[in-house]
Amino acid sequence: MRITKAAKQEMLAILEEWYRGMETALHYTTPFELLIAVILSAQCTDERVNIITARLFAQYNSPDKILELGQAGLEEQIRDCGLFRGKARNIIATCDILCRKYGGEVPADFEALTELPGVGRKTANVVLSQLFHVPAIAVDTHVFRVANRLGLAKGETPLAVEQGLMKAIPREQWSAAHHWLIWHGRKVCKARKPECGNCRLTALCLAFNTNKKTAP
DNA sequence: ATCCCGAGGG
DNA sequence: CCCTCTGGAT
């Protein structure tokens, strides 16, 4: 079974109506803060990242201040969000590059961003779309799962799903659709126990209609 | 036991 | 492709 173009457009219309205006759950006040928050969000809930960054940014809200804090100090601050040694190492290295190469600012360029340690394709796309209004679809765990379940974009890798979504969604909606899919994944189309009973998309959903009315 | 707005290394 | 890194929540 496959999802028609018309069905995909209908899904997007419902998602837009449902999640209109929903944006990131991460708290930030500057580009630098968003960059760090997104790096910290790997394998960690946004809610927990917000707890950590509230404390961290109160004192250390710029690359030079993070460098002042140092590896051990940063590890202590971010310990509770998991993967803390690698994240601390990457953030320190990234802050060093930001200071030396970009005057302490966050570069608005995909190649420049992905050269920063700890910044991969997903984080770069979040920063580009959210900070610099570049059309991009960041595929995280929620977008990947929801797009595959719905049949909006099938793919075995995040890149394949990203490319499928770019075909299925008008460019001007890329950044917004990223947030619709995330919120749908967080609130309804959950990884472990999807709430199909609360979903407005079941009539169109590939997984729901393939698995005899029960999403995997 | 599995998942959370992944990335880097082998 | 695979594996590792990691604490907290369910």
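Proteins get letters first, then strands, A, B, ... in listed order; numbering begins at 1 in each. Atoms considered below: every heavy atom in the structure, side chains included; atoms not considered: hydrogens, waters and symmetry mates.
Near DNA chain C, meaning a heavy atom under 4.0 Å away, there are no residues from residues 91-98 of chain A.
Remark: the separation of the P atoms in C:dC3 and B:dC5 is 24 Å, to the nearest Å. Only the C1' atoms considered, B:dC4 is 24 Å distant from C:dC1, to the nearest whole Å. For the C1' atoms, the distance from C:dT6 to B:dT2 is 14 Å, rounded to whole Å.
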Protein heavy-atom contacts under 4.0 Å, written 5' to 3' over nucleotides 1-10 of chain B as B (base), S (sugar-phosphate only) or - (none), form the string BBBBBBSS--
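The aromatic rings of A:His184 and A:Tyr19 sit perpendicular, their planes meeting at an angle over 60°, well past the 30° parallel limit.
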Could you give the side-chain donor-acceptor pairs of residues 39-54 of chain A under 3.5 Å, partners two or more places apart or in another chain?
{"from": "A:Ser41", "atom 1": "OG", "to": "A:Val38", "atom 2": "O", "distance (Å)": "2.7"}
{"from": "A:Thr45", "atom 1": "OG1", "to": "A:Arg48", "atom 2": "N", "distance (Å)": "3.3"}
{"from": "A:Asp46", "atom 1": "OD2", "to": "A:Arg186", "atom 2": "NH1", "distance (Å)": "3.1"}
{"from": "A:Asn50", "atom 1": "OD1", "to": "A:His27", "atom 2": "N", "distance (Å)": "2.8"}
{"from": "A:Asn50", "atom 1": "ND2", "to": "A:Ala25", "atom 2": "O", "distance (Å)": "2.8"}
{"from": "A:Asn50", "atom 1": "ND2", "to": "A:Asp46", "atom 2": "O", "distance (Å)": "3.4"}
{"from": "A:Thr53", "atom 1": "OG1", "to": "A:Val49", "atom 2": "O", "distance (Å)": "3.0"}
{"from": "A:Thr53", "atom 1": "OG1", "to": "A:Asn50", "atom 2": "O", "distance (Å)": "3.4"}

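Atom CE of A:Met11 is separated from atom CG of A:Leu150 by 5.0 Å, given to the nearest 0.5 angstrom.
Residues meeting the side chain to side chain donor-acceptor pair (under 3.5 Å) test with A:Glu17, sequence neighbours left out: A:Arg20. For the side chain to side chain donor-acceptor pair (under 3.5 Å) test, residues two or more places apart in sequence or in another chain that qualify with A:Asp96 are A:Arg100.
Residue pairs meeting the side-chain hydrogen bond (donor to acceptor under 3.5 Å, both in side chains) criterion with at least one partner in residues 70-92 of chain A, sequence neighbours excluded, are A:Gln71-A:Glu75.
OP1 and OP2 of C:dG7 both lie 4.0 Å or more from every side-chain N or O belonging to A:Arg48.
A:Lys154 places a side-chain N or O within donor-acceptor distance of the main-chain N or O of A:Asn148, the cut-off being under 3.5 Å. Between the side chain of A:Glu162 and the main chain of A:Pro158, no donor-acceptor pair closer than 3.5 Å is present.
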